[in-house]
S.K.: 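Attaching a single structure in structure tokens format; questions to follow.
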Amino acid sequence: MKFLLILTFILLIISFVADKKRTILGIKKGFKMFLGLLPMVLNLLILVSIFLYLVPKETLVNLLGKNSGVIGLGIAAVLGSVSLIPMFITYPLAAILLKSGVSYQVLAVFITTLLMVGVLTLPLEAKYFGLKVSIMRNSLSFIGALIIGLVIGIIL
Amino acid sequence: MKKIILRITETEYILVILFGLFILVSRLFNFTPAKPISNNFWLFFVEMITFLPFMFILVGLFDVWFPKEKVEKHIGEGSGIKGTIWCILLAMLQAGPLYGAFPVAYLLWKKGCSVRNIFIYLGAFSTLKIPMLTFEIGFLGLKFSLLRTLVTLPTFILISIIMEIYLRDKNFEIKQPESKKNGQSKNA
């Protein structure tokens with residue numbers, strides 16, 4: 001996150017030096033878009049907070065750790081698709097999963113679906129792309145994630 | 001100030017208000033599940049607020065600095081492999097969860113980016129962000145990250161090509177969700 005902050009800051013300074021008026025207009029435009037999106041994002045975060053409480057981390061570890069093979073892959077894919085976990089929880093969690101005996105294959109499917117498929121964010125995505133296109137992108141990404149997991153499993 | 005109050009009393013924030021009340025009331029009556037839920041929310045909120053506003057500043061700057069013709073020439077229809085590389089590099093430089101990529105995708109599309117490159121941008125944003133990769137390498141090792149990257153790259157390019165073919169002649173457009181109040185001042 002620091003990275004983005006620094007990048008934004010540097011670009012802001014460059015932009016400001018080059019053209020003050022234009023920079024302020026840009027910030028205003030960005031802020032307006034941000035305010036438009038904010039209520040939806042907040043609603044999403046509230047729902048996910050409740051969801052994560054109902055399905056705690058330990059449950060995820062249990063579900064993925066005990067099953068291997070096709071069932072494990074299926075569970076990983078579904079869990080990854082319906083979860084929305086912040087990055088700084090995802091990777092420590094993935095490291096725990098790896099240590100508790102989850103295969104790279106299952107892990108890759110879980111991470112890839114987590115990154116590319118968003119069932120919870122689907123309503124938000126649909127506002128931009130339309131429902132049909134969003135469902136299609138997510139479905140294709142779901143299949144893609146399974147393939148990615150299988151290939152990684154074969155190599156590692 | 002009046003504007004802010006008007007905004008909050010709008011229905012869009014009703015869930016936020018209810019959630020706030022729920023947390024408050026739970027505090028008063030020592031309702032235990034509220035604590036982990038509000039902790040979760042806080043974690044998410046911190047993640048969101050540390051990237052989304054900056055993301056939008058970048059989007060705003062991009063909007064005012066890059067004219068449509070230029071963007072279109074580089075990543076639009078017929079921009080080929082070079083356009084794809086531009087989109088991947090742009091996505092890699094960003095941070096945050098996937099929902100942060102949607103407004104950027106909208107802007108790119110408005111500026112004339114091709115459908116294929118829009119989806120390539122989304123794919124690269126979700127799986128190849130540099131800040132995320134550094135995290136991943138730290139926790140899961142370089143070998144896993146490198147392999148995942150190498151396998152993921154062709155996969156989302158293929159997905160984007162499928163989306164492009166499917167959406168051809170379908171009048172596909174990306175819209176920008178607006179808050180109801182915002183809608184009036186939007187044209188200014």
Side-chain angles (χ1 to χ4, degrees), chain A residues 1 3-5 7-8 11-12 15 22-23 25-37 39-46 48-50 52-53 84 86-88 91-92 94-95 98 104 108 112 115-116 118 121 124-125 127-129 133 136-137 140-141 144 147-148 151-152 155-156, chain B residues 12-13 15-16 19 33 36-37 40-41 43-45 47-48 50-61 63-65 93-95 97-99 102-103 105-106 119 123 126-127 131-132 135-136 139-140 144 147-148 151-152 155-156 159 162-163 166-167 172 174-179 182:
Chain A
M1 296 303 154
F3 176 82
L4 187 72
L5 204 140
L7 183 76
T8 311
L11 289 177
L12 259 181
S15 173
R22 199 182 275 212
T23 307
L25 182 71
I27 295 172
K28 269 189 187 160
K29 276 190 171 182
F31 197 66
K32 246 186 200 168
M33 282 189 249
F34 175 65
L35 283 183
L37 189 68
M40 268 170 272
V41 170
L42 286 178
N43 289 348
L44 178 77
L45 298 188
I46 290 170
V48 176
S49 312
I50 297 168
L52 258 193
Y53 167 72
L84 194 131
M87 186 185 71
F88 50 83
Y91 287 111
L98 194 62
Y104 274 113
T112 318
L115 297 176
M116 294 174 77
T121 49
L124 189 63
E125 187 173 344
K127 289 233 172 191
Y128 285 93
F129 296 89
V133 173
M136 198 171 157
R137 190 198 67 81
L140 285 174
S141 301
I147 296 169
I148 291 166
V151 173
I152 288 181
I155 297 173
L156 277 181
Chain B
E12 297 175 293
Y13 283 95
L15 189 64
V16 179
F19 184 69
I37 292 176
N40 281 343
F41 179 76
L43 269 179
F44 280 117
F45 184 74
E47 189 195 34
M48 185 276 284
T50 51
F51 95 94
L52 210 55
F54 302 109
M55 195 83 179
F56 273 103
I57 291 177
L58 289 180
V59 167
L61 286 181
D63 196 11
V64 291
W65 278 110
L93 283 174
Q94 280 155 347
L98 183 58
Y99 62 78
F102 301 146
Y106 162 75
F119 286 101
S126 51
T127 58
M132 186 196 85
F135 227 74
E136 181 175 309
F139 276 99
L140 297 175
F144 178 81
L147 187 62
R148 192 188 61 77
V151 183
T152 306
T155 311
F156 71 68
I159 289 174
I162 295 173
M163 292 303 291
Y166 170 75
L167 290 171
F172 169 65
I174 302 175
K175 293 193 184 81
Q176 177 175 231
E178 290 174 11
S179 67
N182 228 11

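Chain letters run A, B, ... following the sequence lines, proteins first and then strands; every chain starts at 1. The figures here come from the full heavy-atom set of this structure, side chains too, leaving out hydrogens, waters and symmetry mates.
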S.K.: Report the relative orientation of the aromatic rings in B:F172 and A:F129; use parallel for angles under 30°, tilted for 30 to 60°, perpendicular for over 60°.
M.R.: parallel
S.K.: Out of A:L98, A:T121, A:I50, return the one with the most heavy atom pairs under 4.5 angstrom to chain B.
M.R.: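 Looking at each option in turn, the highest pair count goes to A:I50.
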S.K.: Quick check on A:V133 against chain B: is it the side chain, the backbone, both or neither that has a heavy atom closer than 4.5 Å?
M.R.: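 For A:V133, the contact with chain B is made by backbone and side chain together.
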S.K.: In terms of heavy-atom proximity below 4.5 Å to chain A, should B:M48 be classed as side chain, backbone, both, or neither?
M.R.: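 Side chain only.
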S.K.: Enter the distance from B:L15:CG to A:I46:CD1 here, rounded to the nearest 0.5 Å.
M.R.: 4.5 Å
S.K.: Look up atom NZ in A:K29 and atom CG in B:L61, then write down how far apart they are to the nearest 0.5 Å.
M.R.: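 The CG atom of B:L61 is 11.0 Å from NZ of A:K29, to the nearest 0.5 Å.
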S.K.: Do you know which two heavy atoms are closest between A:Y53 and B:N40, and how far apart they sit?
M.R.: N-ND2, 3.6 Å
S.K.: Under the 3.5 angstrom rule, does the side chain of B:R148 hit a backbone N or O of A:A108 as a donor-acceptor pair?
M.R.: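 No, because the side chain of B:R148 does not come within donor-acceptor range (under 3.5 Å) of the backbone of A:A108.
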S.K.: Which heavy atom in B:V16 sits nearest to a heavy atom in A:N43, and how many Å separate them?
M.R.: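 Closest pair (atom of B:V16, atom of A:N43, distance): CG2-OD1, 3.7 Å.
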S.K.: Output the option from B:I162, B:I159, B:V59, B:L98 having the highest count of non-hydrogen pairs under 4.5 Å with chain A.
M.R.: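 Greatest number of close heavy-atom pairs with chain A: B:I159.
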S.K.: Under 4.5 Å from any heavy atom of chain A, what part of B:L167 do you find: side chain, backbone, both or neither?
M.R.: side chain
S.K.: Please flag which part of B:T127 lies under 4.5 Å from any non-hydrogen atom of chain A: side chain, backbone, both or neither.
M.R.: both
S.K.: Under a 4.5 Å heavy-atom cut-off, does chain A meet the side chain of B:I37, its backbone, both or neither?
M.R.: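 Both parts, heavy atoms under 4.5 Å.
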S.K.: Are B:F139 and A:Y91 close enough that their ring centers fall under 6.0 Å?
M.R.: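 Not under 6.0 Å, so no.
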S.K.: Chain B heavy atoms under 4.5 Å from A:L12: which part of the residue, side chain, backbone, both or neither?
M.R.: both
S.K.: Using a cut-off of under 4.5 Å on heavy-atom pairs, state which of B:S126, B:P53, B:P36, B:A105 scores highest against chain A.
M.R.: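 That would be B:S126.
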